[in-house]
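This report concerns only the one structure given below.
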There are 2 protein chains.
Amino acid sequence: MTDDRHIEDGIWLLCSNSAVRRASRQLGQLYEDAMGDTGLKGTQFSLLSQIARSGEPSLKNLAEAMVMDLSALGHTLKPLLRDGLVELVPDGSDRRVKRVRLTETGTAKQRELTARWQVAQDRFDRAFGKEKSEELRRTLAFISSPDFARSFGKGEAD
Amino acid sequence: MTDDRHIEDGIWLLCSNSAVRRASRQLGQLYEDAMGDTGLKGTQFSLLSQIARSGEPSLKNLAEAMVMDLSALGHTLKPLLRDGLVELVPDGSDRRVKRVRLTETGTAKQRELTARWQVAQDRFDRAFGKEKSEELRRTLAFISSPDFARSFGKGEAD
DNA sequence: CATATATAGTGGCATATGCCAGTAAATTCC
DNA sequence: GGAATTTACTGGCATATGCCACTATATATG
């Protein structure tokens, strides 16, 4: 081995941003592995699921829900549109607005993925503890909320 | 407004992977804003900092520390190499190995960024609570550890 | 109503990440 | 010692994300 340096200490113990990104890389791997080859990535599953729950959300609303940049959402949907899992439909009253809808194929795929995803989530819950797992998700949801962004921003000019 | 749908409920309350990714997008934004225009992204700062702490790590070791794919690390370092913040030096004993080193410019930049980063981190600690903040980072570090990956994998074929 | 603004999306460019298929060097195994 | 295997990296391809500039609508304003 080149270098058996212990990796105990790192910027991730000081920087919450680094810590979260690092964990998201790890979970990305673990979930992907656990879900097996579904042909879709974690983010794509999240998107399909959120679309399913939201009932034809506008791109704007979906982006907000996902805490994602609107243009990033647009880019990310491209492969899903290309593969016919989702489609964009113009809003009835506001011609600027486009709504996202799962196609039949998309709905089926989402259901199939959900079954596999449950396997991964069960493993997470078992490895981390069901209670703690729920608490963690609530914590992360709080950090992702506009409220948190607001109080974070408060430290601005005082 | 097109659609004032409440965004209380979402896949992120069920899926830890989605929850972490969503939070990482939020924190990416908040830290970026708080740090102001440094010309570098959050990940780049993390990398420079970790390199600084590691003392000329091999790409492999750095990738492991960051819980990052080796090739991904290589790609991510490209802009930093291009801009002369880091350089690759061949290992003395193993010719397969390349070590990453901060250049003088890189060291200076890292120090400058650290000052700004502290501002962002302070805001996070204030908004989230210093204690909870530390605990969260430890939790995320645990989730990012090989130990966690192992116990996660245990749910495999039993 | 005409213009000034604000809002929703799109497209281009850049970085972030991962997988897979090589390449080269080190190690293991006859 | 030489072939088989493992290890460290590189490069190509694809998705993930974000910023900015631009277009089309919708809304507010005088």
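Within every chain, numbering begins at 1; the chains are lettered A, B, ... in the order of the sequence lines, protein sequences first and strands thereafter. Note that the structure is a prediction, hence the values are computed from the model and not measured. When reading the values below, keep in mind they use all heavy atoms of this one structure, side chains included, and skip hydrogens, waters and symmetry mates.
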Quiz item: How about B/Leu40 and B/Leu48: do any of their side-chain heavy atoms sit closer than 4.5 Å?
Solution: yes
Practice problem: Mind telling me whether A/Phe148 and A/Phe142 have parallel, tilted or perpendicular rings, with 30° and 60° as the class edges? | Solution: perpendicular
Self-check item: Under-4.0 Å salt bridge between A/Arg99 and A/Glu56
Solution: no
Quiz item: Please give, in whole Å, the distance from D/dA24 C1' to A/Lys60 NZ?
Solution: 16 Å
Self-check item: Partner of B/Lys109 by side-chain contact (heavy atoms from CB on, under 4.5 Å), out of B/Thr114, B/Leu102, B/Leu85, B/Thr103
Solution: B/Leu85
Quiz prompt | Integer-rounded Å distance: C/dG11 C1' and A/Leu81 CG | solution = 15 Å
Practice problem: Kindly state which residues belonging to residues 101-118 of chain B come within less than 4.0 angstrom of DNA chain D, counting heavy atoms of the residue only, listed by number. | Solution: none
Self-check item: Protein-to-nucleotide contact annotation, 5' to 3' order, nucleotides 13-20 of chain C [B base; S sugar-phosphate only; - none; under 4.0 Å, heavy atom]
Solution: B-SSBBBB
Quiz prompt | Separation of atom CG in B/Leu59 from atom P in C/dA25, rounded to whole Å | solution = 16 Å
Quiz item: From the list C/dA25, D/dT10, D/dA26, which nucleotide is the closest neighbour of the side chain of B/Arg96?
Solution: C/dA25
Quiz item: Between the main-chain N or O of B/Ser18 and the side-chain N or O of A/Ser46, is there a donor-acceptor pair closer than 3.5 Å?
Solution: no
Quiz prompt | 4.5 Å side-chain heavy-atom contact, B/Leu59 and B/Leu73 | solution = yes
Quiz item: According to a strict under-4.0 Å criterion, is B/Arg95 in side-chain N/O contact with OP1 or OP2 of C/dA26?
Solution: yes
Quiz prompt | From A/Leu47 atom CG to A/Ile51 atom CD1, the distance as rounded to the nearest 0.5 Å | solution = 5.5 Å
Quiz item: Are side-chain heavy atoms of B/Phe152 and A/Phe128 found at a separation under 4.5 Å?
Solution: no
Quiz item: Where the side chain of B/Asp94 is defined as all heavy atoms beyond and including C-beta, which of D/dG11, D/dT25, C/dA26 is the nearest nucleotide?
Solution: C/dA26
Practice problem: Give a yes/no on whether any side-chain N or O of B/Lys98 is located under 4.0 angstrom from OP1 or OP2 of D/dC9. | Solution: no
